[in-house]
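This report refers to the structure that appears directly beneath it.
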Amino acid sequence: MLSPRTSLPVFVLAAAAFVPLAHAQWTVTNLHPTTGTRSRAQGCGEAWQGGYAFTGGVDQATVWAGTSTSAVDVHPAGAAYSRIYDVAGVGAGRDAVGVGRFGLDHAAHWSGASHTFVDLHPAGGFSSVGYGTDGEQQVGIVYIGTPPAGLYHASLWTGTAESWVSLHPGLVASFAYGVHGGVQNGQQVGYTDMGGFVQNAALWTGTAASWVNLHPAAATYSIAFAVHVGPQGGQQGGIAGVDNVDHASLWSGTPESWVDLHPVGAGAVDSEVSGMGPGVQVGSAMIGSFRHAGYWTGTASSWVDLTAVLLGSWGDTEAESVWVSGGQMFISGWGRNLTTSRDEALLWSGPAPGPTCDGIDFNGDGLFPDTQDIADFLLVFGGGACPTGTCGDIDFNNDGLFPDTDDIGALIRVFGGGECQ
């Protein structure tokens, strides 16, 4: 996932965390290749990572398999520079997206175990960049027209230049940064320029006409950088400007669903969500005078500071992307190594968060704890209609299994003040 920020001034890293990290359960791998003078890991897939390393005087697209010695240069022939901004898939289904400069920037695509390069730049475009992939679809931007008279169009591809679809809803400009869900259920996110450089977080489902403005009423600007589509629908992550300060943000498809994830209790100055997985959001927060990589599980108070497990002397750190598999999660990013005075690609690995339960106001009537919620849950669980018309779903423990009697047990435990699991 493309970081929305440039590197900020470096300061010595101090320990600060909101939710303590169990150090023994986490490892950090420095992915920086021996031949590079800087590197960043932007995307994380099943047992592989993608990003770029500054080698031979230029940024060159690079993939890893979990170690620094596994770095493979996939820089396309003829490109002045190249970067991978996101990856997805496994084995022959590997998919990476980014940019290669061929005179001008061209959206770039690498696929398969051999990372075969495809130029996604569509006919008629002036320049283009790819920012996100879910293994089936790729998103980014295409500049249509000649500067300064042209417009950026949020864009969608399915692996070839000819598959290009403009998601632009006819406003001043639009950008797409994240995609998830595949061709059948895919959601794309980014932002639209509403005029006067006012950014509004945006959601699409494959067409320009599907555009949804996610901008929350309390914000002055907003951008969605990432999306995850699960059994209960999609969630979108990014930032919203609260008093003109970036606040990490989470949506569930509507502006009204906005959740402010800004970890005030950790002393954060600003914060952002850069990547998402099932039940987890990764990004960073400015704590003191430097950035800290971290993650959330749906609430501001769930913030976990990933700098707590770094050894050595580090400045700014960023978490860019996350992959969850087999009860573990793998988070790719980078940090400013103060010993070597360079940005270095990093990979964190640790236990994935367990499923989180829904709220106990199942029927949405605003009354809780209330035994009517249990009665209405059992009614809907058995196939009946929701009496209030505002009931939640029956996958109460959010494990993706329903109808499932474990959801009934979880509801009763949480109703009584117990834990979800």
Side-chain angles (χ1 to χ4, degrees), residues 1 16-23 25-28 44 178 180 189 224-240 246-253 257-268 271-285 287 292-309 317-333 347-361 392-393 395-401 406-407 410-411 413-414 417-421:
M1 172 64 207
F18 200 26
V19 175
L21 206 59
H23 291 217
Q25 296 180 296
W26 281 83
T27 60
V28 184
C44 195
H180 192 250
V189 296
F225 292 117
V227 59
H228 181 81
V229 179
Q232 307 306 314
Q235 288 191 308
Q236 305 80 35
I239 59 172
D246 291 355
H247 280 212
S249 295
L250 182 65
W251 294 266
S252 298
S257 66
W258 175 64
V259 176
D260 188 342
L261 296 181
H262 186 60
V264 176
S271 57
E272 66 186 31
V273 171
S274 300
M276 295 180 65
V280 62
Q281 305 84 42
V282 301
S284 63
I287 299 174
H292 285 213
Y295 71 89
W296 298 261
T297 53
T299 64
S301 62
S302 67
W303 161 258
V304 176
D305 191 334
L306 289 170
T307 64
V309 293
T317 59
E318 298 253 10
E320 301 284 2
S321 182
V322 59
W323 185 271
V324 178
S325 178
Q328 289 286 109
M329 64 178 175
F330 305 87
I331 299 172
S332 61
L347 176 67
W348 288 267
S349 58
T356 56
C357 286
D358 295 335
I360 58 174
D361 185 18
D393 60 73
D395 186 18
F396 184 81
N397 61 14
N398 293 308
D399 64 357
L401 302 174
D406 284 346
D407 291 300
L411 171 63
R413 282 196 304 275
V414 174
E419 297 294 327
C420 177
Q421 293 291 338

- [ ] Taking the side chain as every heavy atom from C-beta outward, state whether Asp358 and Val414 have any pair of such atoms under 4.5 Å apart.
- [x] no
Open item on the list: Quick check for you: to the nearest 0.5 Å, what is the distance between Ser302 atom OG and Gln281 atom CD?
Closed with: 6.5 Å
- [ ] Taking all non-hydrogen atoms of both residues into account, name the closest pair between Asp305 and Ile287 and its distance.
- [x] OD2-CD1, 4.0 Å
Open item on the list: Before you tell me yes or no, could you show the steps for Phe330 and Trp348 under side chain to side chain contact (heavy atoms under 4.5 Å, CB included), namely the whole-Å CA-CA distance, both residues' side-chain angles and the distance that decides it to 0.1 Å?
Closed with: CA-CA 6 Å; Phe330 305 87; Trp348 288 267; over 6 Å; no
TODO: Decide yes or no for Trp26 and Leu306: does some side-chain heavy atom of the first lie under 4.5 Å from some side-chain heavy atom of the second?
DONE: yes
Task: CA sep, side-chain torsions, deciding dist, call: Met276, Phe225, side chain to side chain contact (heavy atoms under 4.5 Å, CB included) - done: CA-CA 9 Å; Met276 295 180 65; Phe225 292 117; over 6 Å; no
Task: Separation of His262 NE2 from Ser271 OG (nearest 0.5 Å) - done: 5.0 Å
Open item on the list: Can you tell me how the ring of Trp303 sits relative to the ring of Trp296, calling it parallel under 30°, perpendicular over 60° and tilted otherwise?
Closed with: tilted
TODO: State, yes or no, whether a side-chain contact exists between Gln328 and Pro351 at a heavy-atom distance under 4.5 Å.
DONE: yes
TODO: Identify the two heavy atoms, one from Cys44 and one from Ser321, that lie closest to each other, and give their separation to 0.1 Å.
DONE: N-OG, 3.2 Å
Open item on the list: If only side-chain N and O atoms count, and only distance matters, is there a donor-acceptor pair under 3.5 Å linking Ser249 with Trp258?
Closed with: yes
TODO: Return the set of residues passing side-chain hydrogen bond (donor to acceptor under 3.5 Å, both in side chains) with Asp361 (not counting sequence neighbours), or none when no residue passes.
DONE: none
Open item on the list: For Ala226 versus Ser274, what's the shortest heavy-atom pair and its separation?
Closed with: CB-O, 3.7 Å
TODO: Considering non-hydrogen atoms only, spot the tightest contact between Cys357 and Asn397 and give its length.
DONE: SG-CA, 3.8 Å
Task: Atom pair CG (Asp260) and CG (Leu250), whose distance is rounded to the nearest 0.5 Å - done: 10.5 Å
TODO: Would you please say whether a donor-acceptor pair under 3.5 Å links the side chains of Glu318 and Ser284?
DONE: yes
Open item on the list: If only side-chain N and O atoms count, and only distance matters, is there a donor-acceptor pair under 3.5 Å linking Thr317 with Thr307?
Closed with: no
- [ ] Could you tell me which non-hydrogen atom of Ile239 sits nearest to which non-hydrogen atom of Trp251, and how far apart they are?
- [x] O-CH2, 3.6 Å
Open item on the list: Can you give me the closest heavy-atom contact between Gln235 and Ser252, atom names plus distance?
Closed with: NE2-OG, 3.4 Å
Open item on the list: Is there a side chain to side chain contact (heavy atoms under 4.5 Å, CB included) between Val28 and Leu347? Walk through the geometry before answering.
Closed with: CA-CA 6 Å; Val28 184; Leu347 176 67; over 6 Å; no
Task: Thr299 side chain reached by Val259 side chain, heavy atoms, under 4.5 Å - done: no
Task: Test item: Val280 and Val324 side chains (from C-beta on) under 4.5 Å apart, heavy atoms - done: yes
